[in-house]
Structure formats: structure tokens, C-alpha cells
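Notes follow once the structure below has been shown.
Count residues from 1 along the sequence.
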Amino acid sequence: MQLYLVIGTFPDIDSQLAGYREFINYFEGGCPNDNFDGFELINRVHLPGQGQVVGIFKARSTDELFQHLAPWRAQFGVEMDITPAIADADVVANHKKLFASMEG
């Protein structure tokens, strides 16, 4: 599974307020779309002063990522900056291979 860092930005304050009205329902309903087969929310934080929500996700493919994020884009115009990310263990393993290939 691939890690993704996603920064979602509301286009304006009206969209942000409407989005948070929906998020209250989503949160109080147990966040049903945060974890499903092939998808896991690792962490989500809110930057309300900037009109942003930042999440770290694990997804099998972009299909699962789209399933989670698309409704927020479609309903509230949230723009998504999506960046694949690498976990610590993978960075270490990859750099060990790199350094070994550079020796010799």
C-alpha cells in the first residue's frame, strides 16, 4: 500500500462552513469512510485559519483515494494537493541499497 499526504483547501469561507457542517455529521457518525478494504486514514488535522485539512492516508491505489476524497471535492469544491509519501522504514531500506551500490 502507498502512503499519501493530502492537503485539501476550501475555495472560500462559505464552502468551508458548509463542509464543516457536513463533517460534524460525518464525525459523529463514526467516520465510516475513513477505513475500508485497501484504504486507511492514518491521521487528519485541521488548519481552519487557512481553510485547509491535511491527511495522511494509506491506499492500495488511487481508486481508493478517489473514493474517499471525491465527495468532498464534488460537494464543497475542496481542492486536493496529493503527494505520494515514503515511510521511515522504506526510506532506510532504500538508502541502504543506494549506499551499498555506491560502495565499491
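Interatomic distance, CG of N35 versus CD of E40, reported as 5.5 Å (0.5 Å rounding). Rounding to the nearest 0.5 angstrom, the gap separating the CZ atom in F39 from the CG atom in D34 is 7.0 Å. In this structure, L3 CG and F57 CZ are separated by 11.5 Å, a value rounded to the nearest 0.5 Å.
Linking ILVMFWY side-chain heavy atoms closer than 4.5 Å, directly or via other members, places F10 and F27 in a single hydrophobic cluster. Transitive grouping of hydrophobic side chains (ILVMFWY, heavy atoms separated by less than 4.5 Å) brings Y26 and L41 into a common cluster. Clustering ILVMFWY residues whenever any of their side-chain heavy atoms sit less than 4.5 angstrom apart, transitively, puts I42 in the very cluster that holds V45.
Within the 4.5 Å cutoff, the side chain of D37 has no heavy atoms near those of the E64 side chain. Contact check for Q2 versus L65: no side-chain heavy atoms found under the 4.5 Å cut-off.
Between Y20 and F23, the angle of the ring planes goes over 60°, which puts this pair in the perpendicular group of the 30/60° scheme.
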Which pairs would a plain distance check flag for residues 68-93, meaning a side-chain donor or acceptor within less than 3.5 Å of a matching protein atom at least two apart in sequence or in another chain?
unit_1, atom_1, unit_2, atom_2, d
H68, ND1, N33, O, 2.9
R73, NH1, G77, O, 3.4

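E22 places no side-chain N or O within 3.5 Å of a backbone atom of G19 that could act as its donor or acceptor partner.
Closest approach of R60 to M1, counting heavy atoms only: N-SD, 3.7 Å.
Partners of F66 by ring-ring contact (aromatic ring centres under 6.0 Å, His included), not counting sequence neighbours: none found. Applying the ring-ring contact (aromatic ring centres under 6.0 Å, His included) rule to Y4 yields no partners; only residues at least two apart in sequence or on another chain are considered.
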